[in-house]
Amino acid sequence: GDSVTQMEGPVTLSEEAFLTINCTYTATGYPSLFWYVQYPGEGLQLLLKATKADDKGSNKGFEATYRKETTSFHLEKGSVQVSDSAVYFCALSDRGYSTLTFGKGTMLLVSP
Amino acid sequence: GAVVSQHPSRVICKSGTSVKIECRSLDFQATTMFWYRQFPKQSLMLMATSNEGSKATYEQGVEKDKFLINHASLTLSTLTVTSAHPEDSSFYICSAREDWEAFFGQGTRLTVV
């Protein structure tokens, strides 16, 4: 079945540091890939997505590129802020966006 | 974006009792809603797909009689954990889809003592 593997956290960074959160997947078809973010006390929010190979999703300074050859969708940001502290979930969907398969989530802690 | 509201955010109940969790789409209609469960340091696992006006579709291994799902209107789905036991303690999250995008509730932390 489908699965998503992402690096375990917490990831602890200083403000303005470079961020990478690794995500790899296995899927039978050609899935769409997503990154969701969950701020403390809130629900999951879509951060960015990519629907086909070589697509790059981007939002709020975050980027991720759909790499079919390495089955990866790593999340990056050039300069993190304290307000980026949250839990980040990598996910895939190959059933018409209806259902999502999630990774375990990676907590990011950014200190001033 | 669209808003999904989940209530309560936290609940503590005694073993053997039942707990109801509500999931509402506030500014859109959702014919389909999804219920997930998350164990500590684990992924969100899809439990069931809730369909308005019909029976829910449960994922393999999820007990239908224990996790009752009702989707009586286009804006409300409920999950009732019946005869709760400590092993049911978990984080439950609902979501609803508008067009292609899924929107999530805040989650409910259930603790069974």
Side-chain angles (χ1 to χ4, degrees), chain A residues 1-11 21-27 30-52 55 57 59-60 73 86-109, chain B residues 1-10 21-27 30-52 56-62 69 71 77 90-109:
Chain A
D2 298 343
S3 67
V4 176
T5 302
Q6 61 183 106
M7 61 191 292
E8 290 198 24
V11 173
I21 300 179
N22 291 336
C23 171
T24 58
Y25 67 91
T26 58
Y30 298 94
S32 296
L33 302 174
F34 306 84
W35 276 101
Y36 284 85
V37 58
Q38 185 175 31
Y39 298 103
E42 299 184 14
L44 277 72
Q45 303 173 23
L46 179 65
L47 180 60
L48 54 85
K49 70 176 177 75
T51 58
K52 61 183 186 295
D55 267 3
N59 185 26
K60 299 181 181 179
F73 193 54
V87 179
Y88 292 82
F89 292 90
C90 185
L92 69 82
S93 174
D94 64 1
R95 284 197 269 174
Y97 306 116
S98 292
T99 59
L100 292 158
T101 300
F102 287 90
K104 294 182 180 181
T106 302
M107 178 178 287
L108 170 65
L109 300 172
Chain B
V3 178
V4 174
S5 177
Q6 190 173 338
H7 178 80
S9 57
R10 291 179 180 272
I21 303 169
E22 294 186 347
C23 180
R24 295 180 185 273
S25 55
L26 296 186
D27 48 3
T31 56
T32 304
M33 292 185 176
F34 306 92
W35 288 96
Y36 294 85
R37 179 175 181 177
Q38 184 180 30
F39 293 99
K41 299 185 179 180
Q42 299 294 319
S43 300
L44 279 74
M45 302 298 295
L46 179 66
M47 298 175 64
T49 301
S50 172
N51 305 298
E52 188 269 334
T57 304
Y58 290 82
E59 296 298 302
Q60 191 172 9
V62 178
I69 291 173
H71 194 154
S77 175
S90 193
F91 192 63
Y92 296 87
I93 304 177
C94 70
S95 78
R97 188 169 63 104
E98 184 183 44
D99 296 328
W100 62 265
E101 187 172 346
F103 297 91
F104 289 83
Q106 305 94 319
T108 298
R109 173 73 61 191

*Hey, could you give me the CG/OG distance between Leu44(A) and Ser95(B), rounded to the nearest 0.5 Å?*
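The OG atom of Ser95(B) is 9.0 Å from CG of Leu44(A), to the nearest 0.5 Å.
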*Taking atom CE of Met45(B) and atom OG1 of Thr101(A), what is their separation to the nearest 0.5 Å?*
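Those atoms lie 8.0 Å apart.
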*Side chain, backbone, both or neither: which part of Leu44(B) has a heavy atom under 4.5 Å from chain A?*
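For Leu44(B), heavy atoms of backbone and side chain both lie under 4.5 Å from chain A.
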_Region of Gln38(B) that comes under 4.5 Å of a non-hydrogen atom in chain A_ =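 Side chain of Gln38(B) only, per the 4.5 Å heavy-atom cut-off to chain A.
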*With a cut-off of 6.0 Å (strictly less than), are more than 12 heavy atoms of other residues, nucleotides or ligands near CE of Met7(A)?*
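More than 12 heavy atoms, drawn from other residues, nucleotides or ligands, come within 6.0 Å of this atom.
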*Is it true that atom OH of Tyr30(A) has more than 12 heavy atoms of other residues, nucleotides or ligands lying nearer than 6.0 Å?*
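No, not enclosed.
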*Side chain from CB out, backbone as N, CA, C, O: work out which of these in Gln38(A) comes under 4.5 Å of a heavy atom of chain B, or both, or neither.*
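When you check distances to chain B, only side chain atoms of Gln38(A) fall under 4.5 Å.
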*May I ask you to check whether Phe104(B) and Phe102(A) place their ring centers less than 6.0 Å from one another?*
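Yes, close enough.
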